[in-house]
2 protein chains.
Amino acid sequence: MSSFREQKIAKKKREILRSAAAVLAEKGYHGTTMEEIAAQLLMTKGSMYYYFKNKDDILYHCHQMIMELSLEKIEEVVNSDLNPIEKLESAIKAHILLSTKEKSMFMIMDKPYQKFTDDQLNEVLDARRNYAHYFDKILNEGIEKQVFEIDDTKMVRMIILSAINYIQQWYNQDGPQTGEEIAESYASNLLKMVVKKS
Amino acid sequence: MSSFREQKIAKKKREILRSAAAVLAEKGYHGTTMEEIAAQLLMTKGSMYYYFKNKDDILYHCHQMIMELSLEKIEEVVNSDLNPIEKLESAIKAHILLSTKEKSMFMIMDKPYQKFTDDQLNEVLDARRNYAHYFDKILNEGIEKQVFEIDDTKMVRMIILSAINYIQQWYNQDGPQTGEEIAESYASNLLKMVVKKS
DNA sequence: ATACTATTTAAACTAATAGTAAAAAAATAA
DNA sequence: TTATTTTTTTACTATTAGTTTAAATAGTAT
C-alpha cells in the first residue's frame with residue numbers, strides 16, 4: 001500500500017538526492033555542508049534529517065540510485081541477443097549516455113572507501129565488481145565466438161571502464177560534444193582495441 | 001648559496017609531502033587532519049606550520065612536485081627523435097610507471113577545482129592542459145606522418161589520458177600486476193586504437 | 001470547528017579541527 | 001661556557017558543522 005503520502009515522501013527524497021548530488025559533485029563530500037544542501041532546496045538543514053538519517057545516508061542513497069540504474073542497463077545488454085560486438089558497443093554507449101545525463105551522481109561515486117565503511121562499503125564495492133563482471137562476460141563471449149582478439153581481458157576491461165568512467169570529470173553539458181557524440185566516438189575507438197581483424 | 005641548512009629544510013619538506021600524500025590519498029583532503037599528517041612523521045602538528053603555511057599549501061606542493069616530474073618526462077619523449085608510434089608508446093609507459101610508483105601523489109590530484117582557487121587553481125589547470133597538449137602533439141605528428149589513423153584527436157586523447165589516469169585508483173603495489181606489466185599491456189592495447197593498418 | 005498527524009523551523013548542543021603564539025628544547029656559533 | 005638562532009612542543013582560540021530537540025506551523029480527517 002504505497003499511499004499518497006509515501007509517494008510524496010519518496011518524491012521529496014529523490015528531489016533532495018538530485019539536489020545534494022549537484023552540490024556534492026561541485027564541492028566534494030567533506031566540503032559540502034548540510035546547510036548548503038538544504039539551502040539549495042530552500043529548506044533548513046533540520047528538515048534534511050526528517051528524510052535522511054544523516055549526511056552519509058544521503059550519499060549512500062545517491063550511490064544506490066545510480067548503481068541500480070547502471071546495473072539494469074548493462075544487464076539488459078548482456079542478456080540481449082546481440083552479437084558481442086554490438087553488445088560491447090551498446091554497453092559502452094549506455095554507460096556514457098547515463099553518465100553524461102547524470103554527471104553529478106557519477107562524479108560523487110569515486111573513492112568509496114573514503115566515504116563508507118562496513119556493510120555500505122561492501123555493498124558499493126560488490127555492485128562495482130558486478131558491473132565490471134558484466135563487461136568481462138561480453139569480452140569473453142567475443143573471444144569464444146572469435147570476433148574479439150584480446151591478450152589480457154582484465155587489462156582491456158580496465159582500459160574500457162577507466163575511459164568511460166572518467167568522462168563525467170570533463171564532460172560539460174554546454175560543451176562542444178553531446179553525450180551521444182561522445183558515446184559514438186568512444187564506442188568506435190574502444191572497439192578497435194578488441195575486434196579481430198579478418 | 002643553498003646552505004646546508006636550506007638543504008636540510010628542503011629534505012624535511014619532501015619527507016612531509018610524501019608522508020602527507022599517503023594519508024591524503026587514503027582519507028581525502030577534508031578527511032585528513034593536520035595532526036594525522038604530523039603523527040605519521042612522529043611530529044606534532046605545530047611543526048607542520050614551521051615548514052608549510054597551511055594545509056592547502058601542503059597539497060599544493062604535492063601537486064607541484066608531481067606536475068614537474070610528469071612534464072619533464074613527457075617533454076623528453078616529445079622532443080626525442082623517436083617515431084610517433086614509439087613516442088606514444090613511451091609517453092604512455094612513462095606515465096604509468098610514474099603513477100604506479102607515486103600512486104599516492106597521483107591519487108590526490110583529482111578534482112583540483114574542489115581544492116584550489118585563483119592562481120593555484122590556474123597553475124594546476126595550466127599544467128594539465130600542457131600535459132594533454134603534448135599528447136595531442138604526438139597524435140598529430142602520427143597523423144601527419146601517416147602512421148596513425150584517427151577520426152577525432154580530442155576523443156582519442158581523452159580515452160588515452162582517462163585510461164592511464166585511472167590506474168592509480170585500482171593499482172595495488174602488492175597486486176598481481178607490476179607497474180611495468182600494466183604499462184606494457186596498456187601501451188600495446190591503446191596503440192591499436194590509433195595505428196594505421198597497412 | 002476540533003483533534004490529530006505530518007512537516008518544518010530555529011535554537012542549542014557537541015565535537016572536532018585549522019591555525020596561532022609563546023615557551024621550551026635543541027642545535028650552532030662565538 | 002655563553003649567547004644566539006633554529007626547531008619543536010604545548011596550550012589555547014575561534015570557528016565550523018553534524019546532529020538533536022522541542023516548539024511552531026501546515027495539513028487532514030472527523
Side-chain angles (χ1 to χ4, degrees), chain A residues 1-63 108 114-118 120, chain B residues 1-63 108 114-118 120:
Chain A
M1 55 128 188
S2 170
S3 66
F4 179 67
R5 192 190 145 233
E6 276 166 335
Q7 287 186 317
K8 233 181 91 185
I9 288 189
K11 188 189 166 194
K12 193 99 185 199
K13 282 189 178 181
R14 280 195 303 273
E15 266 173 43
I16 294 176
L17 291 180
R18 298 200 122 264
S19 180
V23 191
L24 289 167
E26 198 194 321
K27 311 211 172 187
Y29 180 67
H30 293 284
T32 300
T33 68
M34 293 294 278
E35 236 154 10
E36 282 173 310
I37 294 174
Q40 179 156 298
L41 289 153
L42 304 176
M43 299 187 197
T44 56
K45 67 174 168 173
S47 301
M48 297 292 111
Y49 291 88
Y50 184 74
Y51 295 99
F52 293 99
K53 221 170 76 247
N54 53 33
K55 197 176 165 187
D56 283 15
D57 201 35
I58 292 176
L59 187 69
Y60 176 67
H61 280 95
C62 285
H63 273 69
I108 62 181
Q114 280 181 8
K115 297 156 182 166
F116 300 115
T117 57
D118 309 324
Q120 286 190 337
Chain B
M1 59 127 186
S2 170
S3 66
F4 179 66
R5 190 189 146 233
E6 277 166 334
Q7 287 186 318
K8 233 182 92 185
I9 286 189
K11 188 188 166 194
K12 192 95 182 204
K13 280 189 179 181
R14 281 196 303 273
E15 267 172 42
I16 292 175
L17 291 179
R18 299 198 122 265
S19 180
V23 191
L24 289 167
E26 197 194 324
K27 311 210 171 186
Y29 180 68
H30 292 283
T32 300
T33 69
M34 291 296 276
E35 240 154 7
E36 280 173 312
I37 294 174
Q40 179 157 298
L41 290 152
L42 304 176
M43 298 185 197
T44 57
K45 73 168 169 176
S47 300
M48 297 293 110
Y49 290 90
Y50 183 74
Y51 294 100
F52 293 99
K53 222 170 74 248
N54 52 35
K55 197 175 162 186
D56 283 14
D57 200 35
I58 292 176
L59 188 68
Y60 176 67
H61 280 94
C62 284
H63 273 70
I108 62 180
Q114 280 181 8
K115 298 157 182 166
F116 300 116
T117 58
D118 308 324
Q120 287 190 336

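We name chains A, B, ... by the order of the sequence lines, and we start the count at 1 in each one. Just so you know, these numbers use all the heavy atoms, side chains as well, and skip hydrogens, waters and symmetry mates.
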Checking A/Gln40 side chain against A/Ile16 main chain: does a donor-acceptor pair fall under 3.5 Å? no
If you look at every strand shown and take non-hydrogen atoms under 4.0 Å, does [X] touch a base, only sugar-phosphate, or nothing?
X       : answer
A/Ile37 : nothing
A/Phe52 : nothing
A/Leu41 : nothing

Quick one: sort the B/Phe52 and B/His61 rings into parallel, tilted or perpendicular, breaks at 30° and 60°.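 Geometry flag for B/His61 against B/Phe52: tilted rings.
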Using salt bridge (charged side-chain N to carboxylate O under 4.0 Å, His left out) as the criterion, list what pairs up with A/Lys27, not counting sequence neighbours.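 A/Lys27 satisfies salt bridge (charged side-chain N to carboxylate O under 4.0 Å, His left out) with A/Glu36 once adjacent residues are dropped.
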Starting at atom [atom1] of [X], determine the distance to atom [atom2] of [N], rounded to an integer number of angstrom.
X       : N      : atom1 : atom2 : value
B/Ile58 : C/dT17 : CD1   : C1'   : 14 Å
A/Glu15 : C/dT7  : CD    : P     : 14 Å
B/Tyr50 : C/dA22 : OH    : P     : 17 Å
B/Met48 : C/dA21 : CE    : C1'   : 17 Å
B/Asp57 : C/dG19 : CG    : P     : 10 Å
A/Tyr51 : C/dT8  : OH    : C1'   : 8 Å
B/Lys8  : D/dT5  : NZ    : P     : 17 Å

Going by the side-chain contact (heavy atoms from CB on, under 4.5 Å) test, name the single residue among B/Lys12, B/Glu6, B/Lys13 that passes it with B/Ile9.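 Testing each of B/Lys12, B/Glu6, B/Lys13 against B/Ile9, the sole residue satisfying side-chain contact (heavy atoms from CB on, under 4.5 Å) is B/Lys13.
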Which residue, B/Ile108, B/Val23, B/Ile58, forms the side-chain contact (heavy atoms from CB on, under 4.5 Å) with B/Thr32? B/Val23
Could you run down the sub-3.5 Å N/O contacts of the protein with nucleotides 10-19 of chain D?
from   : atom 1 : to      : atom 2 : distance (Å)
D/dG18 : OP1    : A/Thr32 : O      : 3.3
D/dG18 : OP1    : A/Lys55 : NZ     : 2.8
D/dG18 : OP2    : A/Met34 : N      : 2.8
D/dG18 : N7     : A/Lys45 : NZ     : 3.0
D/dT19 : OP2    : A/Tyr49 : OH     : 2.9
D/dT19 : OP2    : A/Lys55 : N      : 3.0
D/dT19 : O4     : A/Lys45 : NZ     : 3.2

Distance, nearest 0.5 Å, that separates CG of B/Asp57 from OH of B/Tyr51: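 Going from the CG atom of B/Asp57 to the OH atom of B/Tyr51 covers 14.5 Å.
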